[in-house]
Structures are given as C-alpha cells and as structure tokens.
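Taking it in order: structure first as structure tokens, then the write-up.
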Amino acid sequence: MMNTIPNLPTLFAGDVILAKKRKGLGRILNHYIVYVGNNTFVGNLSDGVKELHYNELINLLQDYEPTGVRRFSGSYFQRNQAINRAYSKLGESYSLINFNCEHFANWVQFGKIESSQVTTGFVILASAIFLKLVSKDE
C-alpha cells in the first residue's frame with residue numbers, strides 16, 4: 001500500500017496511475033505507470049520497460065500530471081500474477097504502435113496487449129484518408 005503521491009488516493013500493487021503531459025501535444029494522450037508495491041513502479045517509457053523507484057517517479061511527474069488511478073480488480077492470486085507480468089517485460093523495447101505504455105498497463109492488469117489510443121488513432125487516420133478520397137471524386 002502507498003499513499004504519498006500528491007492528489008492521488010492510496011495505491012495497491014497492480015494499480016495503474018494515469019497521467020498526461022503537463023505541456024504540449026502530449027496532453028491529448030494518457031500515460032500509464034504500474035504500481036508494483038514497496039514504493040516501486042514499472043513503466044514503459046521511451047527507453048523501454050523499466051522499474052522506477054519512488055524518487056524516479058516523482059522526477060517523471062515533473063513532466064506528467066497524474067489524472068487518476070485505474071484500480072486492479074482481482075483476487076490476491078491474480079494481483080500477484082499481474083505483478084509477475086509487469087516484471088516479465090522489464091527491458092522490453094517501447095513501440096508507439098505495438099507496445100506503448102497503455103499496451104504494457106493492459107498486459108499487466110488484464111493479460112492483453114492492446115491500446116485503445118492506438119486503435120482510435122488508426123480509426124481517425126483511416127477516416128481522414130477515406131474522406132479525402134471521397135472528396136476528390138466530387
């Protein structure tokens with residue numbers, strides 16, 4: 001259990017902190033950081049999946065504003081499995097399309113590597129291309 005991050009409720013292992021960039025275009029996307037217990041976090045950052053201790057997280061939060069917590073829902077056994085999933089990806093490379101911070105957090109909490117932000121981005125891009133093609137025909 002942890003409750004020393006300003007403006008956030010008490011965290012339990014398996015919970016995910018949601019954050020947004022404090023400045024710039026990155027404010028439209030969510031960033032996800034997994035709490036694994038003992039004042040330790042695991043995140044998929046630009047340099048890959050790595051463990052962050054409390055002080056490193058506080059430094060990261062200079063650029064990111066916490067906006068909420070996505071609670072882990074499951075049994076004690078499932079929570080331990082989730083933490084093991086987090087550690088199993090240490091050192092894995094970051095990929096905006098194939099394995100970003102949302103993919104990682106969903107893998108930890110749900111056992112599925114997926115990102116609604118990437119899916120939404122592709123839908124918007126495909127729609128824009130379709131509209132451009134249709135408008136050329138007129």
My understanding is that only residues two or more places apart in sequence, or in another chain, count here; which of them pass side-chain contact (heavy atoms from CB on, under 4.5 Å) with Arg22? Glu65, Pro66
Give a yes or no on whether the backbone of Trp107 and the side-chain of Arg85 come within a donor-acceptor separation of less than 3.5 Å. yes
Using side-chain contact (heavy atoms from CB on, under 4.5 Å), reason through Asp63 and Lys23 one step at a time and then give a plain yes or no. CA-CA 8 Å; Asp63 293 328; Lys23 297 178 182 173; over 6 Å; no
Distance in Å, Ser73 OG paired with Arg79 CZ, rounded so as to fall on 0.5 Å steps: 8.5 Å
Does Asn44 form a side-chain hydrogen bond (donor to acceptor under 3.5 Å, both in side chains) with Lys89? I'd like the steps, not just the answer. CA-CA 9 Å; Asn44 191 6; Lys89 294 292 185 186; over 6 Å; no
Of all heavy-atom pairs between Lys50 and Asp47, which one has the smallest distance, and what is that distance? NZ-OD2, 3.2 Å
Scan residues 68-100 for pairs that pass ring pair (Phe, Tyr, Trp, His ring centres under 6.0 Å), counting only residues two or more places apart or in two chains. none
Between the OG1 atom in Thr67 and the CG atom in Leu18, the distance rounded to the nearest 0.5 Å is 5.0 Å
Under 3.5 Å, is there a donor-acceptor pair between the side chain of Glu56 and the main chain of His53? yes
Check against side-chain hydrogen bond (donor to acceptor under 3.5 Å, both in side chains), Arg70 and Asn106: CA-CA 10 Å; Arg70 187 174 74 189; Asn106 287 337; 3.0 Å; yes
Main chain of Glu102, side chain of Ser115: is a donor-acceptor contact present, judged purely on distance under 3.5 Å? no
Minimum side-chain heavy-atom gap Arg71-Pro9 below 4.5 Å: yes
Check whether Ser88 reaches the backbone of Ala86 with its side chain - one donor and one acceptor, N or O, closer than 3.5 Å. no
Below 4.5 Å, heavy atoms only, C-beta onward: do Tyr64 and Lys20 meet side chain to side chain? no
Sort out for me which residue in Leu96, Val108, Asn98, Ile113 forms a side chain to side chain contact (heavy atoms under 4.5 Å, CB included) with His103. Ile113
May I have the step-by-step check of side-chain contact (heavy atoms from CB on, under 4.5 Å) for Val42 and Leu52, ending in yes or no? CA-CA 6 Å; Val42 177; Leu52 300 165; over 6 Å; no
Answer yes if Val69 and Phe110 sit in the same cluster of Ile, Leu, Val, Met, Phe, Trp and Tyr residues linked by side chain heavy atoms under 4.5 Å apart, and no otherwise. no
Only one of Ile83, Asp15, Leu11 clears side chain to side chain contact (heavy atoms under 4.5 Å, CB included) with Val36; which? Ile83
Under the criterion side-chain contact (heavy atoms from CB on, under 4.5 Å), I'd like the reasoning laid out for Tyr35 against Val16: C-alpha separation, chi angles, the key distance, then a yes or no. CA-CA 6 Å; Tyr35 180 59; Val16 172; over 6 Å; no
What residue among Thr40, Ile17, Asn39 forms side chain to side chain contact (heavy atoms under 4.5 Å, CB included) with Leu57? Ile17
Check: Val34 and Phe41 side chains under 4.5 Å, non-hydrogen atoms: no
Across all chains, not counting sequence neighbours, the salt bridge (charged side-chain N to carboxylate O under 4.0 Å, His left out) partners of Glu51 are none
